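These notes concern the structure reproduced below.
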Protein chains: 2
Amino acid sequence: MSPARLEGPSGHADAGASAHVFAALGDPTRLGMVVRLCRDGPLSIARLTAGSQVTRQAVAKHLHVLARAGLVRGHRRGRESVWELEPRRLETARRYLEVVSKRWDDTLERLRAVVER
Amino acid sequence: MSPARLEGPSGHADAGASAHVFAALGDPTRLGMVVRLCRDGPLSIARLTAGSQVTRQAVAKHLHVLARAGLVRGHRRGRESVWELEPRRLETARRYLEVVSKRWDDTLERLRAVVER
DNA sequence: CTCATAAGCAACCTCCTGGTTGCATCATAG
DNA sequence: CTATGATGCAACCAGGAGGTTGCTTATGAG
């Protein structure tokens, strides 16, 4: 297998997409917004901005970043735009981590088998 | 509750730490290294560099980033330094995502209960 | 002992990111 | 119709992140 190719834990080339998701979750402000959306359900940008420490524009930017990662989806409702969580990608990322740690356990076991033989 | 406080899904102020972990996983090169360490077990920097497209120094930097996030641990063995995965933090991050998506399901259910009443 | 190999340190560069301000647009309440 | 509130768009800025090159140090092989 070519070492240049970036591969995911399941052998697919999904590391790129997952890295995108993790990068989106990697900013504290953004992660806070995700948690907020999770707790309080769909929210408008203005509502999301109130109770945050950054500008409305910053909030909007972050929402677009999250949307590009597939973590969030928004639609216009009247004069405000409402955003809500997209849990599928979240689930995908969760499974990614699951596979990695699982695989790691297997590796440990293999090593132990070799060493303690 | 103060909106300025950044809170995790379980109510603790662990969003900062988790954001650190996600940020560390958010870079494709780094995520690739994690997967590689997961697949092939403990590796030296030189071995990790071979089969990567970046410099040895870049690899070392990334390892330190991962270490600061608690995802990886390294020790000197002879003239080489060997690095291995630290699966506990990985597990923590996984659980974080799990809680968020779970909580989201609860939110959905609550909303549905209100709307369809 | 000598030499090649593995790693550490430091400076440097470029580009992206998080954040801001200012202004334009559009929908809704009266 | 008008004023106000909610967004969208664009320019701009500082700082950090990812990456490189060059040099030094230490350890293991012969």
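In the text below, chain A, chain B and the rest are named by the order of the sequence lines, each starting its count at 1. Predicted model only: the values in this text are computed from it and were never measured.
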Checklist entry - Considering the terminal five base pairs at each end of the helix from C:dC1-D:dG30 to C:dG30-D:dC1, what angle separates the two local helix axes, rounded to 10°? => result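 What I find for the helix from C:dC1-D:dG30 to C:dG30-D:dC1 is an axis angle of 30°.
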Between the main-chain N or O of [Y] and the side-chain N or O of [X], is there a donor-acceptor pair closer than 3.5 Å?
X	Y	value
B:Arg30	B:Ala23	yes
B:Ser44	B:Arg47	yes
A:Thr92	A:Arg88	yes
B:Arg89	B:Ala69	yes

Checklist entry - Which part of the nucleic acid, if any, lies within contact of A:Arg30, taking any heavy atom under 4.0 Å across all strands shown: a base, the sugar-phosphate backbone alone, or nothing? => result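 Sugar-phosphate contact only.
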Checklist entry - Any side-chain heavy-atom pair from A:Ile45 and A:Thr49 closer than 4.5 angstrom? => result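 Side-chain contact under 4.5 Å: yes.
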Under 3.5 Å, which N/O atoms of the protein pair with N/O atoms of nucleotides 26-30 of chain D?
unit_1 : atom_1 : unit_2  : atom_2 : d
D:dT27 : O2     : B:Arg79 : NH1    : 3.3

Checklist entry - Is there a donor on the side chain of B:Arg56 or the base of C:dA6 sitting less than 3.5 Å from an acceptor on the other? => result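 By the distance-only test, no, there is no pair.
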Interatomic distance, [X] [atom1] vs [N] [atom2] [rounded to whole Å]:
X	N	atom1	atom2	value
B:His75	C:dG8	NE2	P	13 Å
B:Glu80	C:dA7	CD	C1'	10 Å
B:Asp27	D:dG19	CG	C1'	11 Å

Next on the checklist: Please list, in numerical order, the residues of residues 57-69 of chain A that have a heavy atom closer than 4.0 Å to any atom of DNA chain C.
Outcome noted: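 Of all residues in residues 57-69 of chain A, the ones placing a heavy atom under 4.0 Å from DNA chain C are A:Gln57, A:Ala58, A:Lys61, A:His62.
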Next on the checklist: With a 6.0 Å cut-off on the ring centroids, do A:His62 and A:Trp83 count as close?
Outcome noted: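 They do not qualify: ring centres at least 6.0 Å apart.
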Next on the checklist: For A:Leu71, run the side chain to side chain contact (heavy atoms under 4.5 Å, CB included) check against A:Leu63, A:Leu37, A:Leu90 and tell me which one passes.
Outcome noted: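 Per the side chain to side chain contact (heavy atoms under 4.5 Å, CB included) rule, the option paired with A:Leu71 is A:Leu90, out of A:Leu63, A:Leu37, A:Leu90.
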Next on the checklist: Just to verify, which of B:Leu85, B:Val34, B:Val65 counts as forming a side chain to side chain contact (heavy atoms under 4.5 Å, CB included) with B:Val72?
Outcome noted: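 Running side chain to side chain contact (heavy atoms under 4.5 Å, CB included) over B:Leu85, B:Val34, B:Val65 with B:Val72 returns exactly one hit, B:Leu85.
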Next on the checklist: Rounded to the nearest 0.5 Å, what separates atom CD in A:Glu98 from atom CD in B:Glu98?
Outcome noted: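 A:Glu98 CD to B:Glu98 CD: 7.5 Å, rounded to 0.5 Å.
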Checklist entry - Of all the nucleotides listed (D:dA6, C:dG19, D:dT20), which has the minimum atom distance to the side chain of B:Val54? => result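 When the side chain of B:Val54 is considered, D:dT20 is the closest of D:dA6, C:dG19, D:dT20.
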Item to check | Proximity to the side chain of B:Thr55 - top-ranked nucleotide from D:dT7, C:dG18, D:dT21 | outcome: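 So the nucleotide nearest the side chain must be D:dT21.
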Item to check | salt bridge (charged side-chain N to carboxylate O under 4.0 Å, His left out) between A:Arg94 and A:Glu91, intermediate numbers included | outcome: CA-CA 5 Å; A:Arg94 211 217 73 216; A:Glu91 187 61 21; 2.5 Å; yes
Next on the checklist: On the nucleotide D:dG5, are OP1 or OP2 found under 4.0 Å from the side-chain N or O atoms that A:Ser44 carries?
Outcome noted: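 For D:dG5, OP1/OP2 do not have a side-chain N/O of A:Ser44 under 4.0 Å.
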Item to check | Side-chain N,O (A:Thr29) to OP1/OP2 (C:dG19) below 4.0 Å | outcome: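 Yes.
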Checklist entry - Would you call the rings of B:Tyr96 and B:Phe22 parallel, tilted or perpendicular if under 30° counts as parallel and over 60° as perpendicular? => result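 Rings of B:Tyr96 and B:Phe22: perpendicular, over 60°.
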